[in-house]
2 protein chains.
Amino acid sequence: MKPDALDCKILSELANKARMTWAELAGQLGISPPAAADRVRKLEEAGIIRGYVTQIDAPRLGYDLAAFIAVTLEHPRDRDGFLAAVQSTPEILECHHIAGDGDYLLKVRCRGTSGLEHLITAQLKELPGVTQTRTTIVLSTVKEAIAVPITDASAL
Amino acid sequence: MKPDALDCKILSELANKARMTWAELAGQLGISPPAAADRVRKLEEAGIIRGYVTQIDAPRLGYDLAAFIAVTLEHPRDRDGFLAAVQSTPEILECHHIAGDGDYLLKVRCRGTSGLEHLITAQLKELPGVTQTRTTIVLSTVKEAIAVPITDASAL
DNA sequence: GATGAAAAAGCGATGTA
DNA sequence: TACATCGCTTTTTCATC
């Protein structure tokens, strides 16, 4: 499926107002509400829209410390176990396979330094093959968006 | 405002299904739809719910390359200009002030290596005070969540 | 927080270009 | 194929208890 200009407008509208009604969305687009809903359904089925999430103020719930952790694995055979642990650890928000220093870069969010200490020593370093971790503490977050800039991608 | 156990259940329900109806949410909680809607409205007003966003498959829209860029500023006086540029550059998804190597860690998403090259040379390095950048390419993303683990935070 | 009525939105069928 | 219009159902909202 190839999104056209109208689909891209839908995406940019929905990006930051995921709970808007079809009527409101349709008004922005100049089409009827059923037509707008139909296009959104197609975007969902095509996997371009992956879902709708609620942004929650993590610090208000006690998760006031963010950090990035570069993890080095000893051997490729340790990978599956490591990735399974990553998936099942909710404090690990993101895990990227990277080129450069370390093998994986984790973005984590913990309850203070004690929560971070527990995550590193009792969870990460306990995993087989995790030989080295390098932690970068986040002092403050200036910007945290989720959506990419949405331009007309119909030419792709 | 202090969220109680029921509020936390609301947050965990809404976290990944932001478009669910009040009726559906209320059914999960065992309360009436108006009561559920009322609690959600209070969570929004308290700023605990910051908004509702649509997850979009960025690679499908051409943004197929992610990277982390550590930026070092020459002098604190360069900060305001740098942060303004960060806010107005949509390819920069996140910007964290960090303790460690470099001053700021950016998470960016570009159209291929050419997009990344343009971002680094034509945008970042053009900024006053940006003396050094260290880029880490993301080979693949294993996990990318947005929500923290939501437990009962009423004790905070 | 529940209930019930009014208002609004969503859904499906049909028609049209 | 994509969209508009219509009628029906569900949901939301706003009283009151």
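Throughout, protein chains are lettered first and strands after them, A, B, ... in sequence-line order, and every chain is numbered starting at 1. Just the heavy atoms: all of them, side chains too, but no hydrogens, waters or symmetry mates, feed the values below. Remember, it's a predicted structure, so these values are computed and weren't measured experimentally.
- Between the CG atom in A/Asp7 and the CE atom in A/Met1 there is a gap of 4.5 Å [rounded to 0.5 Å].
- In this structure, B/Trp22 places its CH2 atom 19 Å from C1' of C/dT3, rounding to the nearest Å.
- Separating the CG atom of A/Leu25 from the C1' atom of C/dG10 is a distance of 13 Å, rounded to the nearest angstrom.
- Taking every heavy atom of both residues into account, B/Arg109 and A/Val148 meet most closely at CD-CG1, 3.3 Å.
- Rounded to an integer number of Å, the gap from B/Met20 CE to D/dT11 C1' is 14 Å.
- Look at CD on A/Glu24: it is 20 Å from P on D/dT11, rounded to the nearest Å.
- Residue-level contact check: B/Leu6 touches the backbone only, with heavy atoms under 4.0 Å from sugar-phosphate atoms and none from bases.
- Distance CD1/B/Ile150 to CD1/A/Ile56: 3.5 Å, rounded to 0.5 Å.
- Annotation: the span from B/Asp38 atom CG to B/Lys42 atom NZ amounts to 3.5 Å, rounded to 0.5 Å.
- Only B/Ser32, B/Pro34, B/Ala35, B/Arg39, listed by number, bring a heavy atom of residues 32-41 of chain B to less than 4.0 angstrom from any atom of DNA chain C.
- Straight-line distance from the NZ atom of A/Lys2 to the C1' atom of D/dT1: 16 Å, rounded to whole Å.
- Between the P atom of D/dT1 and the CD1 atom of A/Ile31 lies a distance of 18 Å, rounded to the nearest Å.
- For B/Glu44, the side chain to side chain contact (heavy atoms under 4.5 Å, CB included) partners are B/Val40, B/Ile49, B/Tyr52, not counting sequence neighbours.
- Scanning for side-chain hydrogen bond (donor to acceptor under 3.5 Å, both in side chains) contacts around A/Thr141 gives B/His96, with sequence neighbours left out.
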